[in-house]
Amino acid sequence: MKSEPDTFGIDDLYNKPTQTEHWDGVRNYQARNMMRDDMKLGDQVFFYHSNCADPGIVGIMEIVKEGYPDFLAFDPEDKHFDPKSDPENPRWMMVDVKYVRTLVRTISLKELRPLEELEGLELVKRGNRLSIMPVSKDQWDFILSLE
DNA sequence: GCCAACGTTGGC
DNA sequence: GCCAACGTTGGC
């Protein structure tokens with residue numbers, strides 16, 4: 001899962017009282033579908049810092065609440081408000097994530113991109129802008145072995 | 001700040 | 001249903 005560290009980084013999650021936060025503001029159908037259908041309680045997730053000096057994987061989180069309506073979409077005052085979503089028929093979903101740990105170092109996109117083992121990883125595909133993407137068990141283990 | 005890549009919107 | 005216009009993402 002990607003987030004911009006200037007907006008909400010791994011340290012912000014760490015500093016939450018319960019080290020837990022809802023992953024709000026996702027307004028992309030593919031990403032929504034993954035939160036709604038694929039992410040299960042206890043699943044581990046990489047925290048990725050995007051749009052910053054050194055984009056890459058910085059930590060690990062865990063799903064502590066499965067997909068439910070993104071209530072910010074209902075709030076006209078909120079920047080993520082979407083008039084087409086309402087409580088009767090919510091268009092956008094989110095999950096709750098909990099901090100697990102920060103990696104001892106950032107595993108940068110630059111470093112991951114050329115690795116043969118990660119061919120097929122969504123993150124390193126050209127032009128990828130998805131903010132949530134799947135990682136296979138093999139890819140996960142391999143990436144962590146680089147830490 | 002630039003710009004390529006991509007998703008969404010809306011006229012037709 | 002096509003596709004041009006537009007807005008956004010995110011690496012660099």
Side-chain angles (χ1 to χ4, degrees), chain A residues 1-16 19-39 43-63 65-136 138-147:
Chain A
M1 298 174 96
K2 298 182 188 174
S3 184
E4 302 186 13
D6 288 348
T7 308
F8 186 80
I10 185 94
D11 293 338
D12 296 304
L13 181 62
Y14 178 81
N15 287 324
K16 288 274 158 187
Q19 301 195 327
T20 299
E21 182 63 306
H22 43 262
W23 204 264
D24 58 70
V26 173
R27 297 292 178 266
N28 169 283
Y29 289 103
Q30 248 182 295
R32 177 206 63 185
N33 293 348
M34 279 183 267
M35 291 200 289
R36 187 188 58 193
D37 306 331
D38 301 333
M39 302 177 91
D43 281 355
Q44 304 252 110
V45 182
F46 283 134
F47 195 129
Y48 179 92
H49 279 176
S50 67
N51 221 341
C52 56
D54 189 22
I57 297 169
V58 295
I60 296 175
M61 313 181 276
E62 181 182 333
I63 304 297
K65 183 171 179 178
E66 294 182 6
Y68 64 107
D70 182 339
F71 50 79
L72 295 184
F74 310 145
D75 177 4
E77 302 298 309
D78 195 273
K79 110 182 230 251
H80 296 295
F81 175 63
D82 181 352
K84 293 174 186 156
S85 187
D86 65 81
E88 309 298 301
N89 187 19
R91 173 175 296 210
W92 304 114
M93 296 280 161
M94 58 189 180
V95 295
D96 286 358
V97 292
K98 185 174 171 60
Y99 176 89
V100 173
R101 70 181 181 91
T102 303
L103 301 190
V104 298
R105 67 181 189 89
T106 298
I107 301 176
S108 70
L109 175 62
K110 192 170 33 173
E111 174 183 356
L112 296 174
R113 204 183 274 292
L115 298 178
E116 279 179 33
E117 290 87 344
L118 297 178
E119 274 176 26
L121 181 70
E122 293 289 327
L123 182 67
V124 300
K125 287 186 183 166
R126 187 165 143 275
N128 200 304
R129 299 181 349 183
L130 261 186
S131 64
I132 299 177
M133 51 186 73
V135 179
S136 75
D138 285 350
Q139 289 164 343
W140 177 277
D141 291 340
F142 177 74
I143 290 167
L144 273 186
S145 77
L146 302 171
E147 187 180 2

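Below, chain A is the first sequence line, B the second, and so on; all start at residue 1.
- Across the interface with DNA chain B, nearest-nucleotide mapping of Q30(A) and N51(A) shows N51(A) to be the residue nearer the 5′ end.
- Side chains of H49(A) and P55(A) form no contact here, defined as non-hydrogen atoms less than 4.5 Å apart.
- Contact check of residues 52-60 of chain A against DNA chain C (heavy atom, cut-off under 4.0 Å) returns P55(A).
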Taking distance alone, no hydrogens or angles, what donor-acceptor pairs closer than 3.5 Å link side-chain atoms of residues 88-95 of chain A to residues at least two apart or in another chain?
{"residue": "R91(A)", "atom": "NH1", "partner": "Y29(A)", "partner atom": "OH", "Å": "2.9"}
{"residue": "W92(A)", "atom": "NE1", "partner": "D82(A)", "partner atom": "OD2", "Å": "2.8"}

Show your working on side-chain contact (heavy atoms from CB on, under 4.5 Å) between Y99(A) and K16(A) and close with a plain yes or no.
-> CA-CA 9 Å; Y99(A) 176 89; K16(A) 288 274 158 187; over 6 Å; no

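- Aromatic ring orientation, F8(A) versus W23(A): perpendicular (interplanar angle above 60°, classes split at 30° and 60°).
- No side-chain heavy atom of N28(A) sits less than 4.5 Å from a side-chain heavy atom of I132(A).
- The environment of F81(A) atom CZ is dense: over 12 non-hydrogen atoms of other residues, nucleotides or ligands sit within 6.0 angstrom.
- Looking at residues 112-136 of chain A, you'll see R126(A), G127(A), R129(A) sit with a heavy atom under 4.0 Å from some atom of DNA chain B.
- Using a 4.5 Å heavy-atom threshold, the side chains of D78(A) and F71(A) count as separate.
- Contact footprint of chain A on DNA chain B: nucleotides with an atom under 4.0 Å from a non-hydrogen protein atom, first to last in 5' to 3' order, dA5(B) to dT9(B).
- As judged by a 4.0 angstrom heavy-atom cut-off over every strand, K110(A) is placed among residues making no nucleic acid contact.
- Residue pairs meeting the side-chain hydrogen bond (donor to acceptor under 3.5 Å, both in side chains) criterion with at least one member in residues 117-132 of chain A, sequence neighbours excluded: E122(A)-K125(A), E122(A)-N128(A).
- No donor-acceptor distance shorter than 3.5 angstrom exists from the side chain of N33(A) to the backbone of Q30(A), with no hydrogens or angles considered.
- Residues meeting the salt bridge (Lys or Arg N to Asp or Glu O under 4.0 Å) test with D37(A), sequence neighbours left out: none.
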